[in-house]
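The chains referred to below are lettered A, B, ... by the order of the sequence lines, with proteins before strands, and numbering in each begins at 1. Side-chain atoms are counted along with the backbone in the values below, which use heavy atoms only and exclude waters and symmetry mates.
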2 protein chains.
Amino acid sequence: MAAVPGFPQAGRAKLADVAKLAGVSVGTASKALNGGGRMRPETRQRVLAAVEALDFRPNQHAQSLHTGRSWTVGLMTTDGIGRFSTPVLLGAEDALGAGKISVLLCDTRGDAIREQHHLRNLMDRRVDGIIVTGRRTDPRSPLTGIEPIPTVYALSPSVDPDDMSVVSDDRSGARLAVDHLLATGRTRIAHVTGPAHHAAARDRAQHTVELLEQSSLALSTGRVHFGEWSETWGRRAAETVLRAAPDTDAFFCGNDQIARGVADSLRENGVDVPGRVAVVGYDNWDVMALACRPPLTTIDMNLAEVGRQAALRLLDAIGGKPEPGVRTVPCRLVVRESS
Amino acid sequence: MAAVPGFPQAGRAKLADVAKLAGVSVGTASKALNGGGRMRPETRQRVLAAVEALDFRPNQHAQSLHTGRSWTVGLMTTDGIGRFSTPVLLGAEDALGAGKISVLLCDTRGDAIREQHHLRNLMDRRVDGIIVTGRRTDPRSPLTGIEPIPTVYALSPSVDPDDMSVVSDDRSGARLAVDHLLATGRTRIAHVTGPAHHAAARDRAQHTVELLEQSSLALSTGRVHFGEWSETWGRRAAETVLRAAPDTDAFFCGNDQIARGVADSLRENGVDVPGRVAVVGYDNWDVMALACRPPLTTIDMNLAEVGRQAALRLLDAIGGKPEPGVRTVPCRLVVRESS
DNA sequence: TTCCGGCAGAAAATCGTTTTCCCAAACGGG
DNA sequence: CCCGTTTGGGAAAACGATTTTCTGCCGGAA
């Protein structure tokens, strides 16, 4: 690391400098670094010593120009980087970083123009691959005009089943919640969730109904309560449910905000949670789940794992082993005091 | 865009192909593209037409190799990508994207080893600049070993005053809150905030006290209530305050979680908000502020603007016009129904 | 002594641009 | 008609690595 007389300052040495210091040619120096070619061990040592002395770091632009690889993947998020895409993003970054690959961030803000713009940019940079993530679990139309670049869709799958997608397993989430409630003796379960035009709400609701049927049960109110993903809706829905089916002994909610609204409403109406009624949320969003009174039992989608899986599949595809299709990541039940 | 016989398929044409199709030399083709050199308009047109026909896009690796610029900046976040760094990040991406610069994401998870690792990576990639953001407003020690690379610290300033930093103006935040409360007739103000070892809590508290003094007022309880950034603490503190100073007519809280806790506690104790007591939060975190009953008046730190300013300063520095020092971004008062 | 195989390492080609230098033709003024 | 001065455009040298090809040189065998 110490400055060597006659050579450029540390950090900006080029391979030619290393070669000169070691008394060999550039080609030989390169071979010494990259394993390859035959050479006297002593020569290799000299080169390695020179690398050390000059703190040489290869110029990645030169490498990329030669190999055509950028050791970079694009990460496109469609919703500003929200509560859902963030953990996915971190999981992906984690898995990629291990492989010396960096992440180029692109936020489309849900705008198709911006998406095309970023796409051009990523192609110009010759990224090795692309991960696309969205806020919702609704399928999205695939990116266009990226023929040769491996792409993985995370969280929001592509509508094309031949694309690679990694999603959270809504069915497993519903199963964990329902099984947990049944196992703790609840049989009169209500389901309050978000808007019916969201796949997440529809799918979880459908699975819930099916799972109850398998135990010869039905929803306590006879129907799913679709609404919004908000506490306000949770509070309103709780009252509706209690009026329609006063013997309801559990709420399975489509997300933690709704669940918290439900819990607040129950408490304020003097209904004991979990004594008389259990509440289970979805998302394991800590600020909601932990601040809730009582703290929420909830379903964790393992979003970081979704991101990690997406990254791993992308690496496979970059390595020439693409596995088309949708892969699901199972959820996890987090039991707290509301059930 | 249509395939031209005898030429590689669209998207992978090189400048040599363009030149051949236009009947000029590579150098001339380059000049035609980049404005420069003198040439007959007709020749330039021929080149441009060829570019169009072949859908030519310059190889950025080649450009970067030649110019030494990567048109990329590193964005290091120290805390996963949390609630605070996300808007900063988006603001920065927005400002940089306009300048054809892409963002390379690095998350250190607060780990020094990882930080060094990412730093090496960024230097190897010859990024044009670096933006460092953190979760807290406490000053952080500057990055080491990046001598020649322009760096801007966002949200968490560098302890070295000669570095470039962009932070939220805590003083303006406190002023907006206090002035608003005074203007609406409140004079017995309590201040509940986070841990005293957080600069954000200390600074806002200090400014609040100073501002009150300027109006010959003091805190209703005679002291600042330091605690945690949580709803639980907000609820506890509200009761403490009401017991110590029952004539308190306003709470200014260090963040929206605390404010929500305070509001909840007041409501449950039958204290009318905003009728008898006003509540003002800090952060304008929508899920908290909007879900609160009543919706919270709060201070917005304009974090996206912090990110944007950081990006702009970085661009200036990259362009050779660095302006060392700390720059502050003023806050914004968002009035809702809690005051 | 001659020839050949093997090996260490040098030299050169390559990746795709940008940029500098240089040459030829055209042009204008005296 | 001749000599500068523009002008348009080509050739070639960077940029910094990797990879392929080529050249000595040595030892051993015929």
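- Across all strands shown, B:Thr43 has heavy atoms under 4.0 Å from sugar-phosphate atoms exclusively, and none from any base.
- A donor-acceptor pair is defined here as one N or O able to donate and one able to accept, closer than 3.5 Å; such a pair exists between the side chain of B:Ser165 and the backbone of B:Ser158.
- A donor-acceptor pair is defined here as one N or O able to donate and one able to accept, closer than 3.5 Å; no such pair exists between the side chain of B:Arg308 and the backbone of B:Ala95.
- Proximity of a side-chain donor or acceptor of A:Ser85 to a complementary backbone N or O of A:Gly82 within less than 3.5 Å is detected.
- The structure places CG of B:Leu65 at 10.0 Å from CZ of B:Arg126, a figure rounded to the nearest 0.5 Å.
- For B:Arg125 and A:Ser102, the side-chain atoms include at least one donor-acceptor pair closer than 3.5 Å.
- The C1' atoms of five pairs define one axis at each end of the helix from C:dT1-D:dA30 to C:dG30-D:dC1, and these two axes lie 70° apart (to 10°).
- Within the model, atoms OG1 of B:Thr133 and CG of B:Leu303 stand 9.5 Å from one another, a figure rounded to the nearest 0.5 Å.
- The closest donor-acceptor contact from the side chain of B:Arg44 to the backbone of B:Ala32 lies under 3.5 Å.
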Exercise for review: Report, as a single string ordered 5' to 3', how protein heavy atoms within less than 4.0 Å touch nucleotides 17-22 of chain C: B base, S sugar-phosphate only, - not at all.
Suggested key: SBBB--

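- For D:dT7, one of the phosphate oxygens OP1 or OP2 lies less than 4.0 angstrom from a side-chain nitrogen or oxygen of B:Arg38.
- For the pair A:Asp316 (side chain) and A:Lys321 (backbone), a donor-acceptor distance under 3.5 Å is absent.
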